[in-house]
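Residue numbering restarts at 1 for every chain, and letters A, B, ... go by the order of the sequence lines.
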Number of protein chains: 2
Amino acid sequence: MRIGELSRRTGVPTRLLRYYEEQDLLHPERADNGYRSYPESAVADVQQIRGLLDSGLTTEMIRAIMPYLSGPGVLHPPAECVTPQTAALLQGHIERIQSRIDCLSRNRDRLSAYLAAVRPDPR
Amino acid sequence: MRIGELSRRTGVPTRLLRYYEEQDLLHPERADNGYRSYPESAVADVQQIRGLLDSGLTTEMIRAIMPYLSGPGVLHPPAECVTPQTAALLQGHIERIQSRIDCLSRNRDRLSAYLAAVRPDPR
DNA sequence: TCGGAGCCTGACATCAGTGTGAAGGTCAAG
DNA sequence: CTTGACCTTCACACTGATGTCAGGCTCCGA
């Protein structure tokens, strides 16, 4: 599919789809005329990228973890390719993500508690 | 305490402490000589702000939720001041935070699963 | 064959969060 | 009284994510 359709189907401006490619997050083929050609799976990829960006990750972090994120069953780098260094990096990313989750959860709880205290009976 | 000490105790550059004030996240008093004067609680406030910024929230969101975030027992806007509109806004913020948590959790799980699959026995 | 829609690249603009430096005021210790 | 550490404001610059526009190519339908 071409960039316009991908944009319509994901709601992401073409400008950003090109930017994500420049950032090495998307890798469309090129047709003979130079047009980008995206596989069907790009729709899910773009939604994944958007979710992570909206969650505050940088394109750099996303680039680092994307290869390991596609749904189960899709091809990931196999065990042989995963050096201890890579594993350590991944582990570090997991921990950073976890601390974000912790911070957000803590504050969500506080907000919820406040709201519950202040309007105990929202009819 | 003055800005330098607050900076040392939080590890946050003075530049950013001034920026956070400009963004209405901190509200130090001023001494007669014009120096900023922070209460002890500012240390916790700054750490709170940093955590939320690192978790991807904008100063705008932080400004919106900060008044309701300080630990239990500290003064919050009381129930009488909370209009239904305010409550709805807060509820919206909670939901946005929750969707971030969901996205991050989902992907943390995927990364962990991948890592576990690839190095099942990390001696 | 022409017009318009869609694609290309490239450039400049914006916003938030930071870094850095200049020019000058305050204050305590020597 | 001077020096040095600390404070003030102001300003310019950078990065990452994004908006927007210009100039030009491709292709399809009237």
For atom CD1 of B:I3 and atom P of D:dC6, their distance in whole Å: 13 Å
Interatomic distance where CD1 belongs to B:I49 and C1' belongs to C:dT18 [whole Å]: 15 Å
Beyond-backbone contact of A:S55 with B:C103, side-chain heavy atoms, under 4.5 angstrom: yes
Euclidean distance, atom CD of residue B:E60 to atom C1' of C:dG17 [Å, nearest integer]: 14 Å
Sole residue of B:V46, B:I49, B:D45 in side chain to side chain contact (heavy atoms under 4.5 Å, CB included) with B:L25: B:I49
Sugar-phosphate only, base, or nothing, as touched by B:T59 at under 4.0 Å among non-hydrogen atoms: sugar-phosphate
Heavy-atom protein contacts under 4.0 Å, nucleotides 18-27 of chain D, coded B base, S sugar-phosphate only, - none: BBB-----BS
Whole-Å distance separating the CG atom of B:L6 from the P atom of D:dC7: 10 Å
Side chains of A:E95 and A:R100 in contact at under 4.5 Å (non-hydrogen atoms): no
Distance, rounded to the nearest Å, where A:L17 contributes CG and C:dG6 contributes P: 15 Å
Separation of D:dA5 P from B:E5 CD (nearest whole Å): 18 Å
Rounded distance (Å) that lies between atom C1' of C:dT9 and atom CD of A:E21: 12 Å
Any side-chain donor near an acceptor of the partner, B:R50 and B:Y20, under 3.5 Å: yes
Modelled atom types, side-chain donor and acceptor of A:T83 and A:Q85, under 3.5 Å: yes
Any A:H93 side-chain heavy atom under 4.5 Å of B:R108 side chain: no
Sidechain-backbone polar pair: B:S7 side chain, B:V12 backbone, donor-acceptor under 3.5 Å: yes
First of A:R36 and B:T58 reached from the 5' end of DNA chain C, by closest nucleotide: A:R36
Spacing of B:I62 atom CD1 relative to C:dA16 atom P, expressed in whole Å: 13 Å
Residue whose nearest DNA chain D nucleotide is more 5′ - A:Q23 or B:G4: B:G4
